[in-house]
Amino acid sequence: MTHIELERYGRILSGFYEGYFVKLHDDSDVTGGFYIYLVNDLSAPTDGGDYWVEDRAALEEFAESSQWRIEWLD
């Protein structure tokens with residue numbers, strides 16, 4: 001499983017959405033869960049989307065099932 005980093009972008013090196021950028025956002029104060037934001041380009045995105053999961057375990061399961069290997073950016 002890939003290491004989970006919150007509130008920063010990472011490039012998906014392999015798995016579902018390979019080549020896209022992902023950001024995992026803790027939205028527990030508002031919705032109680034986590035958002036998963038995906039974009040194809042950080043400076044001028046033309047494709048992407050988002051998902052919502054109900055807790056940290058679901059977030060980890062989502063990343064695991066997507067077979068992601070992520071390079072986290074500074």
Side-chain angles (χ1 to χ4, degrees):
M1 181 176 85
T2 192
H3 176 72
I4 299 290
E5 293 278 341
L6 297 176
E7 311 304 336
R8 63 192 284 198
Y9 277 101
R11 179 182 268 295
I12 301 172
L13 302 175
S14 63
F16 195 55
Y17 284 107
E18 182 176 335
Y20 276 59
F21 294 90
V22 62
K23 182 177 183 180
L24 308 173
H25 171 67
D26 182 350
D27 199 52
S28 56
D29 289 342
V30 178
T31 66
F34 293 83
Y35 276 104
I36 302 159
Y37 298 114
L38 297 155
V39 293
N40 63 337
D41 186 85
L42 291 179
S43 60
T46 59
D47 191 28
D50 62 74
Y51 295 89
W52 180 87
V53 294
E54 65 272 4
D55 58 25
R56 179 72 183 226
L59 178 64
E60 291 175 3
E61 183 177 317
F62 187 97
E64 178 77 21
S65 68
S66 297
Q67 300 178 336
W68 281 342
R69 189 167 59 89
I70 299 171
E71 175 187 25
W72 296 104
L73 308 176
D74 293 327

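Computed from a predicted structure; not experimentally measured.
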The ring-ring contact (aromatic ring centres under 6.0 Å, His included) partners of Phe21 (sequence neighbours excluded) come to none

Residues passing the side chain to side chain contact (heavy atoms under 4.5 Å, CB included) test with Asp41, sequence neighbours excluded, are Ser43, Ala44

Report task. Please confirm whether the backbone N or O of Gly19 pairs with a side-chain atom of Arg11, one donor and one acceptor, at under 3.5 Å? Result -> yes

In terms of heavy-atom contacts, Leu13 and Glu71 come closest through CD1-CB, 3.8 Å

Here the gap from Ser65 atom OG to Glu60 atom CD, rounded to the nearest 0.5 Å, amounts to 12.0 Å

Here the pair of heavy atoms bringing Leu73 nearest to Arg8 is O-NH2, 2.8 Å

Donor-acceptor pairs under 3.5 angstrom involving side-chain atoms of residues 31-39: please list them, not counting sequence neighbours.
{"from": "Thr31", "atom 1": "OG1", "to": "Asp27", "atom 2": "O", "distance (Å)": "3.3"}
{"from": "Thr31", "atom 1": "OG1", "to": "Asp27", "atom 2": "OD2", "distance (Å)": "2.9"}
{"from": "Thr31", "atom 1": "OG1", "to": "Gly33", "atom 2": "N", "distance (Å)": "3.3"}
{"from": "Thr31", "atom 1": "OG1", "to": "Trp52", "atom 2": "NE1", "distance (Å)": "2.8"}

Point to revise | Lys23 vs Leu42 side-chain heavy atoms within contact, under 4.5 Å | key: no

Hydrophobic cluster membership, with links at side-chain heavy-atom distances under 4.5 Å among I/L/V/M/F/W/Y: are Tyr9 and Phe16 in one? no

| Close side-chain approach of Ile4 and Arg56, heavy atoms under 4.5 Å | yes

- Quick check: does any side chain N or O of Gln67 sit under 3.5 Å from a backbone N or O of Ser14, one acting as donor and the other as acceptor? no

Between the side chain of Asp47 and the main-chain N/O of Asn40, is any donor-acceptor distance below 3.5 Å?
no

message = Please report whether the ring centroid of Trp68 lies less than 6.0 Å from that of Tyr17.
response = no

